[in-house]
Amino acid sequence: VLAPISSSRAEAWEMLRLLHAASALTDHPVIVRTHPTIPVDDLYAQLEWPPHVRLSRGRPLADDFAESGVVVYSSSMVALEGLLYGRLPIFLDIGDVPPGDPMHGAHPFVFRAATGHELADMLARIDTLGADELSALREQGRNYAERYLIEPTAAAIERMAKIASC
């Protein structure tokens, strides 16, 4: 499980609190990924973590993806990047208004949780998926991310500028 911190210390605390609750209910390895400009070591240290949870800082994102199968997020574009790596996202609703989920709407490849218990349940549910269903969800997610994350070529920027000026 990769859990990237992305927007604020308040978001970090809520994510850490819910991850901590879930980590007591599951033995899935969890990587809490710090944001380069949002220090959270002190927040992380306020909770007593089981050995299967660790803090990642200063590592390449690809290394954290290589060690994960899902991305737990509350506002992070890392969840979209994870789809390109075949990592299923779990949106962790921390009560932000409006919610910070970049994947608006219902999608079969996006799972959702609002408590530590629900997060543990979603991880268990994903564990029960058959290989064909898992593969199909990953493919749907990858297709979504490829449409969402458009490469900023000169032609794409020009199209965006034309749309914005309308």
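None of these values were measured; they are calculated from a predicted model. Note: hydrogens, waters and symmetry copies are ignored here, and every other heavy atom, side chains too, is used.
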With a 4.5 Å heavy-atom cut-off, do [X] and [Y] have their side chains touching?
{"X": "Phe65", "Y": "Val78", "answer": "yes"}
{"X": "Asp41", "Y": "Arg57", "answer": "yes"}
{"X": "Tyr148", "Y": "Met77", "answer": "yes"}
{"X": "Val71", "Y": "Pro4", "answer": "yes"}
{"X": "Leu2", "Y": "Leu61", "answer": "yes"}
{"X": "Val72", "Y": "Leu92", "answer": "yes"}
{"X": "Ile90", "Y": "Val110", "answer": "no"}
{"X": "Glu11", "Y": "Ser75", "answer": "yes"}

Reported [atom1]-to-[atom2] distance for the pair [X] and [Y], which is rounded to 0.5 angstrom:
{"X": "Leu18", "Y": "Ile94", "atom1": "CG", "atom2": "CD1", "answer": "8.0 Å"}
{"X": "Trp13", "Y": "His20", "atom1": "CH2", "atom2": "NE2", "answer": "8.5 Å"}
{"X": "Ile126", "Y": "Glu133", "atom1": "CD1", "atom2": "CD", "answer": "10.5 Å"}
{"X": "Asn143", "Y": "Leu83", "atom1": "CG", "atom2": "CG", "answer": "10.0 Å"}
{"X": "Ser56", "Y": "Arg33", "atom1": "OG", "atom2": "CZ", "answer": "5.0 Å"}
{"X": "Ile38", "Y": "Ser8", "atom1": "CD1", "atom2": "OG", "answer": "6.5 Å"}

> Does a side-chain N-to-carboxylate-O contact under 4.0 Å join Glu67 and Arg59?
Replying inline: yes
>> Any carboxylate oxygen within less than 4.0 angstrom of a Lys/Arg side-chain nitrogen, looking at Asp64 and Arg87?
In response: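 Salt bridge between Asp64 and Arg87, a charged N being under 4.0 Å from a carboxylate O: no.
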Would the distance check show the side chain of [X] and the main-chain N or O of [Y] forming a donor-acceptor pair, the cut-off being under 3.5 Å?
{"X": "Glu118", "Y": "Ala114", "value": "yes"}
{"X": "Arg54", "Y": "Val30", "value": "no"}
{"X": "Thr26", "Y": "Ser23", "value": "no"}

>> The test is ring pair (Phe, Tyr, Trp, His ring centres under 6.0 Å); show your working for Phe109 and Tyr144 and say whether it passes.
In response: CA-CA 10 Å; Phe109 56 86; Tyr144 179 89; 5.5 Å; yes
> Where do Ile5 and Tyr73 land on the side chain to side chain contact (heavy atoms under 4.5 Å, CB included) test, with the steps shown first?
Replying inline: CA-CA 8 Å; Ile5 305 300; Tyr73 71 102; over 6 Å; no
>> Would Asp93 and Arg112 count as a side chain to side chain contact (heavy atoms under 4.5 Å, CB included) here? Give the steps.
In response: CA-CA 7 Å; Asp93 187 348; Arg112 301 184 181 284; over 6 Å; no
>> Could you go through Leu137 and Leu129, starting from their C-alpha distance and side-chain angles, then the distance that decides it, and tell me whether this counts as side chain to side chain contact (heavy atoms under 4.5 Å, CB included)?
In response: CA-CA 10 Å; Leu137 290 173; Leu129 297 176; 3.7 Å; yes
>> Quick check on side-chain contact (heavy atoms from CB on, under 4.5 Å): which of Leu123, Val53, Leu119, Val70 does His28 satisfy it with?
In response: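 Of the listed options, the one satisfying the test is Leu123.
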Work out which heavy atom in [X] is nearest to a heavy atom in [Y]; give both atom names and the distance.
{"X": "Pro89", "Y": "Ala79", "result": "CB-CB, 4.3 Å"}
{"X": "Arg142", "Y": "Gly86", "result": "NH2-CA, 3.5 Å"}
{"X": "Met122", "Y": "Ala113", "result": "CG-CB, 4.4 Å"}

> Within a radius of less than 6.0 Å around NE2 of His117, do more than 12 heavy atoms belonging to other residues, nucleotides or ligands occur?
Replying inline: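 Atom NE2 in His117 is not crowded, with 12 or fewer foreign heavy atoms closer than 6.0 Å.
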> Do Leu19 and Leu25 belong to the same hydrophobic cluster, where Ile, Leu, Val, Met, Phe, Trp and Tyr are linked whenever their side-chain heavy atoms lie under 4.5 Å apart, directly or via other members?
Replying inline: no
